[in-house]
Amino acid sequence: MAGATDAPVERYRIHDLTVDVGTMEVRRGAALVDLPPLSFDLLVALARRAPRPVPTDELIDAVWGDVAIADETLFQRVSLLRRALGDEARSPRYVESVRGRGYRLRAERIGSSGTADSSPVERISRPAVAVVAATAAIVLLAVVVLGWLRAPAGRSDAETASQQSSAAVHPTSATVDEMLRRADEYVRRHRAEDNELAIDLYSQVLKRNTELPQALVGMSFALSQRATKFSAPIEHARRAEDLARRALELEPESARGHLALGLSHDARGQVTAALEAYGRAYTLDSTQVGALASAAHLLQVRGDLAEALATNARSAAALARGAEANVPYLDLQIAATLELLHFRAGADVFFERLHTLYPDGVFTASTRARAQLSRGMSVRAEEIARAALERGTERPDLWVI
């Protein structure tokens with residue numbers, strides 16, 4: 001142990017926050033601030049370079065490494081970090097946008113006493129290093145001994161021990177199938193932060209294999225969702241269309257591919273093209289209830305209210321028969337169609353159901369508030385919109401209301 005050197009412990013204070021890089025914890029006082037790994041990595045990357053502005057390409061390299069992502073992905077990640085910290089882009093306390101130069105964080109490095117320290121990082125004492133080194137040695141010894149006890153006949157003790165210790169140091173990486181399943185799960189949650197996690201995973205998969213249809217379709221879904229539900233620029237929907245078309249070139253009869261294509265058209269208001277793609281998806285696979293429900297929404301937008309209501313009813317019937325589908329907005333679509341048909345008592349039944357089950361739904365509050373406005377109940381509409389904004393629902397139309 002005589003040759004051991006002090007190991008640095010990296011910690012930052014950012015106003016009322018304390019960031020501990022080693023434990024991957026952010027605290028506000030004694031309370032733990034929950035940050036997903038990418039948001040934490042972004043915060044640390046900014047803190048390490050504070051107080052200078054960090055260019056976007058430098059941040060992307062620091063957080064995502066070799067994974068190719070667009071600047072818009074960084075923009076969304078900054079937004080998610082701000083939301084988690086309770087920060088605001090208009091009057092930032094932690095993360096500041098610097099026009100033409102990237103992002104900047106105001107941070108201090110702190111010492112072991114908790115006071116500001118001019119040293120780059122706080123350092124733990126030599127005895128602590130010795131304990132860590134001794135523990136590592138014991139673990140390695142246990143691996144070697146277990147490997148020797150379990151060594152099959154015909155294999156040398158040294159060879160087995162070497163392979164066992166190598167496996168301990170280099171654990172098996174996540175497989176493509178595991179990453180895709182996890183990404184698909186994140187997309188189905190219909191939440192901004194989960195959607196960004198899905199995009200990160202799809203990006204990693206596509207870096208390994210640029211022609212994998214499931215990854216192309218999944219990324220297309222996530223980008224369309226980013227544009228429609230989370231107010232991102234329309235360029236994301238255009239990229240979503242490109243990805244869906246690449247997937248369909250590989251698998252022309254893929255129902256999910258046609259559904260993804262329909263969503264990309266839908267995100268840009270191309271109603272006729274979207275309806276055609278949704279219809280093709282449902283024709284290829286009648287379990288694609290999401291395609292049917294999405295078509296119903298566009299029929300409502302186009303003014304075909306009776307047909308929209310009938311199509312929504314078909315979707316509800318399919319779900320009642322046990323069809324497995326992720327259709328989180330079916331109740332909302334039925335409520336909106338009934339409202340437009342002036343069946344307000346029926347609409348209110350669905351609105352109350354939505355308010356109970358999905359109070360944080362992306363479109364729930366805005367649709368309900370617009371219905372109140374159409375009835376001349378502006379005060380009630382404002383109450384609904386204000387409550388949604390206070391819960392953190394970020395929709396431009398809520399501010400308009």
Side-chain angles (χ1 to χ4, degrees), residues 175-190 195 198-199 201-229 236-302 304 307-308 310-330 333:
T175 67
V176 166
D177 286 344
E178 289 173 326
M179 295 167 73
L180 285 174
R181 282 196 298 271
R182 188 62 172 161
D184 291 345
E185 179 185 336
Y186 279 134
V187 168
R188 288 193 293 268
R189 292 180 182 178
H190 297 271
N195 198 64
I199 288 173
L201 282 170
Y202 289 132
S203 296
Q204 293 179 54
V205 172
L206 288 170
K207 185 172 180 61
R208 298 186 188 184
N209 184 350
T210 59
E211 301 300 314
L212 195 61
Q214 187 180 349
L216 292 168
V217 168
M219 179 68 95
S220 179
F221 281 143
L223 291 174
S224 289
Q225 188 161 261
R226 182 193 265 178
T228 54
K229 296 172 186 170
H236 296 284
R238 296 193 184 97
R239 187 178 171 217
E241 180 184 353
D242 292 339
L243 292 168
R245 291 194 183 281
R246 281 172 56 193
L248 288 171
E249 287 176 1
L250 297 166
E251 295 182 347
E253 299 302 300
S254 166
R256 290 187 77 247
H258 285 283
L259 176 56
L261 181 62
L263 287 170
S264 70
H265 287 308
D266 196 340
R268 289 179 288 162
Q270 298 171 340
V271 175
T272 302
L275 282 171
E276 181 180 344
Y278 289 148
R280 181 63 176 154
Y282 190 67
T283 299
L284 288 167
D285 182 359
S286 61
T287 67
Q288 291 289 341
V289 183
L292 199 61
S294 297
H297 168 69
L298 290 184
L299 289 168
Q300 175 192 304
V301 170
R302 197 167 68 178
D304 298 332
E307 189 177 353
T311 306
N312 275 322
R314 288 171 62 195
S315 302
L319 293 174
R321 290 194 300 268
E324 294 185 6
N326 184 31
V327 191
Y329 303 115
L330 185 58
Q333 290 179 190

Taking salt bridge (Lys or Arg N to Asp or Glu O under 4.0 Å) as the definition, give me every residue that meets it alongside [X], ordered by chain and number, with sequence neighbours left out.
{"X": "Asp304", "answer": "Arg302"}
{"X": "Glu185", "answer": "Arg182, Arg189"}
{"X": "Arg245", "answer": "Glu241"}

For the student: nearest non-hydrogen atoms of Leu275 and Ala295, plus distance: CD2-O, 3.6 Å
Considering all heavy atoms, the nearest Gln300-Gln333 contact: OE1-O, 3.4 Å
Keeping [X] on the side-chain end and [Y] on the backbone end, is there a donor-acceptor pair under 3.5 Å?
{"X": "Thr210", "Y": "Leu206", "value": "no"}
{"X": "Glu178", "Y": "Thr175", "value": "yes"}
{"X": "Ser286", "Y": "Tyr282", "value": "no"}

Distance check, rounded to the nearest 0.5 Å: [X] atom [atom1] versus [Y] atom [atom2]?
{"X": "Met179", "Y": "Gln204", "atom1": "CE", "atom2": "CD", "result": "4.0 Å"}
{"X": "Asn195", "Y": "Gln225", "atom1": "CG", "atom2": "CD", "result": "4.5 Å"}
{"X": "Arg246", "Y": "Glu211", "atom1": "CZ", "atom2": "CD", "result": "5.0 Å"}
{"X": "Ser203", "Y": "Arg208", "atom1": "OG", "atom2": "CZ", "result": "12.5 Å"}
{"X": "Leu223", "Y": "Ile199", "atom1": "CG", "atom2": "CD1", "result": "5.0 Å"}
{"X": "Leu212", "Y": "Tyr202", "atom1": "CG", "atom2": "OH", "result": "11.0 Å"}

Using distance alone, with no hydrogens and no angle criterion, decide if Thr287 and Asp285 have a side-chain donor and acceptor under 3.5 Å apart. yes
Validation row: Arg280, Gln288 side chains within 4.5 angstrom (heavy atoms): no
Under a 4.5 Å cut-off applied to non-hydrogen side-chain atoms, are Leu180 and Val176 in contact? yes
Show the atom names and distances, to 0.1 Å, of all donor-acceptor pairs under 3.5 Å that link a side chain in residues 255-267 to residues at least two apart or in another chain.
| residue | atom | partner | partner atom | Å |
| --- | --- | --- | --- | --- |
| His258 | NE2 | Pro252 | O | 3.1 |
| Ser264 | OG | Leu261 | O | 2.7 |
| His265 | ND1 | Gln270 | OE1 | 2.6 |
| Asp266 | OD2 | Tyr278 | OH | 2.8 |

Asp242 meets the side-chain hydrogen bond (donor to acceptor under 3.5 Å, both in side chains) criterion, sequence neighbours left out, with none
Taking only distance into account, with no hydrogens and no angle test, what donor-acceptor pairs under 3.5 Å do side-chain atoms of residues 213-221 form with protein atoms, sequence neighbours excluded?
| residue | atom | partner | partner atom | Å |
| --- | --- | --- | --- | --- |
| Gln214 | NE2 | Asp184 | OD2 | 3.1 |
| Ser220 | OG | Ala240 | O | 2.7 |

